[in-house]
Every structure is written in structure tokens, then in C-alpha cells.
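Read through the structure below, which is laid out as C-alpha cells, and then see the notes.
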Amino acid sequence: MRRCEAGAIIAFVILMQGPVEGMSFNILRAILSPPVPRITRVRNASPRELRLKNSLAVSDFLGLVKQYHYPAEEHNVTTIDGYNLKFHRIPGSARSSLVEKKPVVFVQHGISASSDSWVLMGPGRDLVFLLADAGYDVWVGNFRGNSYSRSHVVLSPEDSKFWQFSFHEMAYYDLPAMIDYALDHTGQKSLIYIGHSMGTTTSYILLSERPEYNNRLRLVVSFAPVAYWKHGRTGIQKFLVDNGDFIEQTLRNQGIHELYPQSTLITQLLNSLCNENAATHKVCLNVYFRFFGSDPEQFNTTLIPYLVSYFPAGMSLKTLAHYYQHLSSGQFRQYDYGYVENFGRYQQAEPPAYDVSKITAPVALFYGRNDPLSYEVDVMELKKRLTNVVASVAISYPAFNHVDFVWATDAKRLLYDDTIELIHQYK
Ligand SMILES: *[C@@H]1O[C@H](CO)[C@@H](O)[C@H](O)[C@H]1NC(C)=O
Ligand SMILES: *[C@@H]1O[C@H](CO)[C@@H](O)[C@H](O)[C@H]1NC(C)=O
């Protein structure tokens, strides 16, 4: 374990077990789950316009996209369990006609991200712009709990009940709601799905738990697939395996259910610790790379202040806890409530496993060889159990890490060109 990582862990433990408990928990709460002020989003204004006004607000998806003169739309859908999701669409581009009926591609973000993450680099670089240029009707999802989908018909996000979900519910309720909406709206019968990280986890859960969706996804593209976690562990992961239950319980007891919302406090904190001129820049990068895989060549550090105003965008503690359970059990299965509650919910002591052999839709796996959250051996474990894998591609650039799938400087050349070539076969 490196020094900085140990430092981060020790800092965490001190915050958790500090001598003045009340105070340390207030610090912890302020950092992990800060109250207002939340970041203000300004509809339709581009980041440049906001900078000129010297505003602390951030642009929304519509502003990010329209600054490049691409069409963009926002749509609302309410899931059957009451969450209001706002998600986005780029129906085409100046390079492709807006009139003809186009194949629909649905793009889904990973943990604590939002639709914004897919449009931060601009045309010619981001996957969704490239897809729009290539003649696709691109829909970009937002899961419950992030800044676009922090709303429910009766529950308030201030209410702990609001946050009682993990990626299981996103897969079971959010994806069907958004996918059905996009299909209805466009009058199509099926679409092409592209997910990153948790966007892959949720696609496997959807297709195993609600197999009727196998007909509605005519191709599933997985960037950095996450399902089974059986092999090598980084120091941070080992720490989580050993202490996850304790951390989760402690946070829960403190009434912390939401983690890292998009807020001015977190943005300013990350910015001041991590920007290129900060004394702590190197330490910060080190922690980041330990977590996601080290790839300085593909990460443009000049963009840090810009990126941290859009990411993280919020998640529930339970989502992280569900992943930590997978990490510790090595199994891909429903949330573990403990022996007694499991019996009540599942009629068995252990949570039921997701049966990925029910996935009949064609799946294409793209993975990096330097991705500690999606090791090649674990991707192969998944591949072994899937019945219809149409491509399994290790990115040729050896340092490709977990976030490179979205933000790598050369993502187009290293990944997106191949992806688009593949999905052309499923038009
Ligand atoms: C979506 O919901 C917001 C309020 O949350 C509303 O302002 C907006 O008009 C709605 N958009 C559509 C397309 O229904
Ligand atoms: C990094 O980002 C800055 C700011 O947008 C840009 O000027 C620079 O060209 C980028 N560097 C690379 C290697 O893309």
C-alpha cells in the first residue's frame, strides 16, 4: 500500500473515530453528504457564458450540447415506484438529417455520474456526439439519485426512505422506464444499449430479472463490465472488504444516506485539493489513479476544475454498499440484508444470485487492461456465463483505465471508432 493511500485511509478512520466524536461526524457529514448550497444549474447556458458571468452555477446538459449547435432535448419519466427521472436526447446533428427515422442508441452512465459526463469534451471527442454524427438518435439516461433524478412523487431527498435503493432498483425500474419511453417516443421496437461500469451491471440485472427486455435491446455494448469480482484486490478494495460493514453501519447510524451530491462544497474542495497548482495535486491524482488505474497520458489534468463541477453527481450509500458486498462475496446477487431480513424478503438466508444465463441479447464486452474495477479475469468470468457474446475486446492501449472509457484524450481512436463500427452491424 502506498503512503498516500494509507494517508487517505487514516484520515478517514480519524474522521470516523476521532476523539471529539460529534465534531468529527459533522465534518464527515459535511464532506460526504453536504447540505445546501447545491450547485445551481442554468438551463441552456453554455459553460463559456457562465464563466463570463463569473458564476458558480454550472450549465446543464442542454447548455453543454447546444453550445456546439447540436439539437438537445430533455424528457421526464416517472418510474412505477415513483422516482422522477430527467434524461436527455440528441436526436441528430448538422451532419445527419433530422427527418429520417434513425436507429436509437441508449447510453447509460456509471456510479455517481450523470448524462453530463458524456458531453464534457465536445464534438469529435465524446461518444454521443460521434454517434449523432454517424446517424443515430442518441438517448442519454440518468439514474435515480443523481442531480437530474433527485425527485420522487411523494418522498423528499431529505427523507432517508428516498435513498433506500441500489443499482438493483435502477436496473429493475429506471432502465425499463427510460427504455420504454424512448421506444414509444420514436415508434421503434428495439434499441442499441451502451453502458459504462454501473451502466453495464444494471443491463445484466435488467436482462436476467426481466428477460422480456432481451427483445428490446438488440445489442448491449459494455464498457468496463462490472458483475463478478473474484480476483486481485487493490489496497483500497481490501480495506473496503475488511471495513465495509462497519463503515456502512456507521454512516447509516449518522443519518447519512446520500453520498457525494453535486454541490458547491464538494466541487470547491476537490478543485482546491486537486487542481494543477494545488500543493496536494500529486497526492490527489495518486489517489484517483489508485482507484481507477493509473493513466496520466490519457488524463488532461487542466480539465480538473471543469470535470469536478459535473462529477460526482450523487448516489445512495446503499449503491456503494451493494458493490462492496459483491467485492466481499465474489458473487453477483441481490442486496444482502442479513440472515433475518433476507428470509423475509427472499425466503432464503442468502440473497438470490442474478442468473446471467437468461441474457439472450447479443453482448459486446470492451475492457481495459489497467482497470482495477473491471479486471480481465473477472470479465472472463462473466463471459464464460453469458450465452451470446458477440465481441470481447481488450483495448489495445495497455494503460487504458476505468474512466478512460468516458474521458480519455484519445477515446475516439482507442475505443469509439471500433464501437461505432460494431454497432453499424446492428443498425
Ligand atoms: C420535466 O419536469 C420539469 C420539472 O421537474 C418541468 O419543468 C419540465 O417542463 C418537464 N419537461 C417535460 C418535457 O415534461
Ligand atoms: C487539455 O485541456 C486544455 C483545456 O481545455 C486544452 O487547452 C489542451 O489542449 C488539452 N490538452 C490535450 C493534450 O488535449
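Whatever order the structure lists ligands and atoms in, that order sets their numbers, starting from 1.
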Could you check Arg89, Arg41, Arg43 and say which one makes a salt bridge (charged side-chain N to carboxylate O under 4.0 Å, His left out) with Glu74?
-> Arg43
Heavy atom of protein closer than 4.0 angstrom to atom 7 (O) of ligand 2 = no
Heavy atom of protein closer than 4.0 angstrom to atom 14 (O) of ligand 2 = yes
Residue, atom name and distance, where the atom is the protein heavy atom closest to atom 5 (O) of ligand 2 | Leu303 CD2, 3.5 Å
Tell me, please, which residues at least two apart from Arg218 pass side chain to side chain contact (heavy atoms under 4.5 Å, CB included).
-> Pro103, Ser190, Ile192
Between Trp139 and His75, does the ring centre distance come in under 6.0 Å?
-> yes
Ring pair (Phe, Tyr, Trp, His ring centres under 6.0 Å) against Tyr354, all qualifying residues, sequence neighbours excluded = His168, Phe332
With respect to atom 11 (N) of ligand 2, which of Thr302, Ile304, Asn300, Asp410 exhibits the smallest heavy-atom separation?
-> Asn300
